Engineer: 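The structure that follows is given in the form of structure tokens.
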Amino acid sequence: MDRMDKLLASTGKWSRREVRELIRQGRVKVDGRPVNKPEEKVEPACAVLTVDGVTVDCTPFVYVMLHKPAGLLSATEDRKQPTVLDLLPPELRRRGLFPVGRLDKDTTGLLLLTDDGDLAHRLLSPRKHVDKVYLAQVEGRVDQGDAAVLAEGMVLGDGLRCLPAGLEPLEDGSRCLVTVREGKYHQVKRMLAARGKPVKALHRCAMGPLVLDEGLKPGEWRFLTALERSELQRLDSAT
Ligand code: URA
């Protein structure tokens with residue numbers, strides 16, 4: 001069950017203040033009955049909501065966790081190459097889901113797909129400080145010197161300034177965890193290449209509170225759990 005004002009505002013058509021005004025004016029109805037209070041709860045999947053007699057689609061947004069395999073584009077469509085949307089059933093594709101941020105064609109791992117544009121925008125904003133964690137396999141060995149340089153905020157060859165990033169060498173240094181909070185083009189590969197440690201393989205393990213489900217094989221997906229959805233929403237409003 002969701003609050004009436006939250007639900008109508010989630011369509012993006014009105015602000016919460018505007019919704020409250022619509023309700024006050026008696027223009028909002030649930031199953032033909034006028035709504036009296038903004039905090040009134042309704043089940044969005046069942047109730048028919050109207051504003052001025054026009055039905056409003058309040059079906060909740062869809063959030064999908066996908067284990068992206070190598071070889072697919074993180075795009076909604078491409079005339080020549082398969083995209084991650086090809087892994088979803090037609091009814092989900094019809095909803096207009098899109099990937100939240102891009103992974104390179106050869107990058108594997110966690111990809112969130114949704115039709116919630118507002119959430120996607122907030123998750124991707126560097127100002128929101130949502131960490132993305134990658135497991136990188138490199139040529140050569142990374143060390144604490146590399147970690148110190150990434151932590152300072154690197155300036156890449158073309159003058160591109162990166163925000164401070166985390167690097168944790170693993171085992172003998174041929175693998176590492178890299179944590180970035182922005183999503184510049186080929187960012188992790190470019191940062192490590194600039195340190196003379198080109199990336200051989202890249203895999204995203206986590207994005208904010210979302211961690212790739214170990215039960216998902218490459219190419220498999222599932223809906224986010226209620227807990228994961230609420231963690232995303234909390235992060236969304238808290239930052
Ligand atoms: N950084 C990269 O270089 N590639 C990705 O796919 C994601 C982050």
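In this text the structure is predicted, and so the values were computed from the model without any measurement. First listed ligand is number 1; within each ligand, the first listed atom is number 1. Index from 1, following the sequence.
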Engineer: Please check if Leu113 and Phe98 belong to a single hydrophobic cluster, counting links between Ile, Leu, Val, Met, Phe, Trp and Tyr side chain heavy atoms closer than 4.5 Å.
Structural biologist: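 Looking at the clustering, Phe98 is in a separate group from Leu113.
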Engineer: Are Asp78 and Lys105 ion-paired here, with the side-chain N under 4.0 Å from a carboxylate O?
Structural biologist: no
Engineer: Applying side-chain contact (heavy atoms from CB on, under 4.5 Å), name anything that partners Arg24, two or more places apart in sequence or on another chain.
Structural biologist: Glu21
Engineer: Taking non-hydrogen atoms within less than 4.0 Å of ligand 1, which protein residues qualify?
Structural biologist: Leu103, Asp104, Thr107, Tyr134, His186, Gln187, Val188, Lys189, Leu202
Engineer: Check whether Val64 and Leu124 end up in the same hydrophobic cluster, where Ile, Leu, Val, Met, Phe, Trp and Tyr are linked by side-chain heavy atoms less than 4.5 Å apart.
Structural biologist: no
Engineer: Working to the nearest 0.5 Å, report the span between CD of Glu39 and CZ of Arg3.
Structural biologist: 5.5 Å
Engineer: So, are Glu182 and Lys184 salt-bridged, with charged N and O less than 4.0 Å apart?
Structural biologist: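 Yes.
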